[in-house]
Amino acid sequence: MSATNPWYALTVLLCLTLPDPVAAEPASAIDVPATRATRPPNIVIFYADDLGYGDLGSYGARGLPTPNVDRLAREGVRFTDAHATAATCTPSRYSLLTGEYPFRSDARILPGDAPALIQPDKVTIADVLKDQGYATAVVGKWHLGLGEGSIDWNGLVKPGPLEIGFDYSFLIPATVDRVPTVYLEDHRVVGLDPADPLSVEYRQPIGDRPTGQSNPELLRYKANPQHSGSIVNGVSRIGYMKGGRAAEWKEEQFPEVFTGKAIDFMRANRDKPFFLFFPFHDPHVPRLPAVRFQGTTSMGPRGDAIVQMDWMTGKIMDELKRLGLAENTLVIFSSDNGPVLDDGYADGSVERLGDHRPAGPLRGGKYSAFEAGARVPLIAWWPGRIKPGVSDALLSQVDLFASLAALAGARLPDTVGIDSENQLPAWLGEESAGRRLLFKESVAGFALREGSLKYIAPMRDPKSAGFVADKGIESGALDQPQLFDLSMDIGERNNLAGGRPGDVGRMDAMLQDILERRQADDSRSGGSR
Ligand code: NG6
Ligand code: CA
């Protein structure tokens with residue numbers, strides 16, 4: 001949604017006309033970017049997929065060369081206590097873009113043919129920045145649904161990113177392990193032959209492509225039953241795909257293809273502020289790194305995929321510098337959730353892990369309510385503004401919405417980004433506290449941080465998180481409350497809940513407040529809007 005959207009225009013107008021005793025900025029800041037004294041910075045968000053807290057050299061990894069991201073960490077602020085809002089992909093991305101907790105829209109892992117989760121009437125950070133004069137693009141993995149109802153992949157696929165504030169999009173529509181395995185550029189599948197129309201089905205097989213079930217001998221990696229649908233590029237996927245052969249991607253080309261699109265966008269928009277959201281596929285499954293990265297680590301495809309992700313980061317950073325834009329660009333690097341080794345394919349990542357610890361000192365992994373589920377690497381880099389350092393501030397990605405809006409000079413109506421606090425000073429390393437409370441979701445239910453205290457609410461049906469154990473991950477699901485003091489127990493081994501009923505009751509009440517939105521005012525107290 002953009003300034004031309006009447007609803008957003010109206011809410012912005014209302015926000016600007018209501019008296020606001022704490023307003024520091026002139027109300028006109030929202031709609032006159034051309035007249036501002038200094039140009040707001042470009043914003044680039046690198047968003048890795050399933051990269052763990054311990055998966056970068058700068059976060060303690062050995063034998064996993066990540067020099068480009070480590071350089072960002074060295075020259076920027078490296079955060080030790082930063083979090084996605086969830087331990088899986090779709091919900092974390094939902095929060096990053098909308099400034100709302102995932103449960104408000106029942107956001108959970110979506111199938112590859114799901115309708116758009118973020119409908120055009122929802123205000124996203126892309127809308128806000130676009131209204132501030134930014135050129136906006138998303139290049140990479142989407143996984144937030146597309147279209148309305150059933151999608152015709154041969155026609156215009158919308159609504160999608162273009163209807164929620166992005167000027168340009170070049171996408172992996174869902175995940176690489178889900179059909180359709182084709183690129184979507186703006187509203188269209190790239191390279192589709194009209195004589196070979198594409199259709200997608202998640203309930204039963206369609207078309208004549210071999211599947212993992214019918215032709216396991218064709219597979220590069222053995223897959224679990226859920227991942228044993230259509231085979232594309234030697235790998236079976238979740239779901240079935242008919243036609244569209246000319247449009248199939250080759251994963252080995254991802255690094256060149258995605259960095260190429262991002263670079264084209266930066267070049268075309270070098271003379272105005274731009275926002276580039278760059279969600280990687282790596283190191284999510286299936287891991288099929290380009291030939292040049294194969295064997296660059298001793299850890300098999302997962303390690304090699306992380307090296308590939310680092311190379312892509314470096315390539316985009318090099319171009320940013322070549323264009324002379326580095327001084328005035330805020331770069332954020334993070335991940336959508338914690339690590340997993342076998343997430344459906346036996347690709348050797350378990351056997352070849354060696355002594356690498358993808359979650360560092362944290363317990364759990366992707367999907368989990370323990371810290372490794374959503375505590376992720378997070379780096380903010382901006383040579384013109386950010387002083388190098390390390391910050392222990394408690395940060396949530398849900399705050400990017402209000403923080404980036406503030407950075408761009410936008411004032412937001414109270415009705416948008418309702419869970420997002422303006423924590424810009426903390427994100428820039430200028431303030432050390434960050435959030436007072438931090439809320440997280442996982443397949444094992446809800447958790448809340450208050451300083452170093454961590455509360456995991458009891459789950460009615462802990463068995464529903466049982467599938468996580470098959471992946472070698474502790475979900476953290478229990479029908480009892482759990483309370484940990486991370487200042488002395490970072491590995492969440494010592495459940496204090498039994499001996500501290502007061503803390504449990506208080507934290508549970510605060511969590512219920514968030515769930516029931518009684519917390520709205522308090523949740524904003526950490527920063528001005
Ligand atoms: C799960 C898939 C998993 C992965 C995940 C999405 C199982 C059995 N299967 O349904 O392989 O695709 O969805 O990952 O867990 S995410 O990072 O995009 O959330
Ligand atoms: Ca993910």
Side-chain angles (χ1 to χ4, degrees), residues 45-53 55 83-97 102 106-114 117 140-146 171-181 202 212 221-230 232 235-239 251 277-288 301-302 305-306 309 333-347 349-350 358-359 364-369 372-378 397 440-444 464-473 475 477:
I45 300 180
F46 290 110
Y47 206 47
D49 196 355
D50 300 1
L51 186 77
Y53 189 75
D55 274 330
H83 303 253
T85 60
T88 53
C89 169
T90 302
S92 294
R93 284 153 210 261
Y94 176 82
S95 292
L96 188 153
L97 291 179
D106 199 20
R108 44 183 95 190
I109 300 175
L110 290 175
D113 59 352
L117 176 66
K141 169 175 166 174
W142 187 239
H143 206 191
L144 285 162
L146 292 159
L171 305 178
I172 291 163
T175 64
V176 178
D177 58 347
R178 284 175 173 76
V179 296
T181 54
Y202 271 78
Y221 299 125
K222 194 169 174 303
N224 72 8
Q226 187 208 18
H227 287 79
S228 291
S230 294
V232 181
V235 171
S236 53
R237 319 281 165 153
I238 308 177
E251 282 82 356
F277 179 40
F278 193 81
F280 297 92
H281 155 59
D282 296 314
H284 195 282
V285 297
R287 303 171 184 123
L288 302 161
R302 185 171 188 276
I306 292 173
M309 176 216 72
F333 179 96
S334 197
S335 176
D336 67 339
N337 54 251
V340 56
L341 299 176
D342 181 345
D343 207 8
Y345 301 97
D347 67 4
S349 297
V350 175
K366 179 175 179 176
Y367 306 105
S368 173
R375 196 197 286 211
V376 285
L378 195 145
Q397 291 172 4
K440 305 201 273 188
E441 301 185 18
S442 71
V443 303
S464 66
F467 74 98
V468 180
D470 300 341
K471 299 170 186 290
I473 293 173
S475 73

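The structure presented is a predicted model; accordingly, all values stated were derived computationally and were not measured. Order of listing sets the numbers, starting from 1, for every ligand and every atom in it. All values below were derived from every heavy atom in this structure, side-chain atoms included, with hydrogens, water molecules and symmetry-related copies excluded.
For His281, the ring pair (Phe, Tyr, Trp, His ring centres under 6.0 Å) partners two or more places apart in sequence, or in a different chain, are Phe254. With sequence neighbours excluded, the residues forming a salt bridge (Lys or Arg N to Asp or Glu O under 4.0 Å) with Asp347 are Arg287, listed by chain and number.
The closest side-chain donor-acceptor pair between Asp106 and Tyr94, if any, does not fall under 3.5 angstrom. Between the side chains of Thr85 and Gln397, not a single donor N or O lies within less than 3.5 Å of an accepting N or O.
The residues lining ligand 1, counting any heavy atom closer than 4.0 Å, are Asp49, Asp50, Thr88, Cys89, Ile109, Lys141, His143, Thr175, Asp177, Arg178, Gln226, His227, His284, Asn337, Asp343, Lys366, Tyr367, Phe467, Lys471.
Protein contacts to the Ca ion (ligand 2) involving N, O or S atoms at a distance below 3.0 Å are Asp49 OD1, Asp50 OD1, Asp336 OD1, Asp336 OD2, Asn337 OD1.
Residues Met309 and Asp49 fail the side-chain proximity criterion, which asks for heavy atoms closer than 4.5 Å.
Between Phe278 and Phe46, the two ring planes are perpendicular [angle over 60°; tilted spans 30° to 60°].
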Would you please test Phe333 and Tyr47 for ring pair (Phe, Tyr, Trp, His ring centres under 6.0 Å) and show each step?
-> CA-CA 6 Å; Phe333 179 96; Tyr47 206 47; 9.2 Å; no

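Taking 4.0 Å as the cut-off between side-chain N and carboxylate O, Asp55 and Arg302 count as a salt-bridged pair. The pair Lys366-Asp336 does not count as a salt bridge, with every side-chain nitrogen at least 4.0 angstrom from each carboxylate oxygen.
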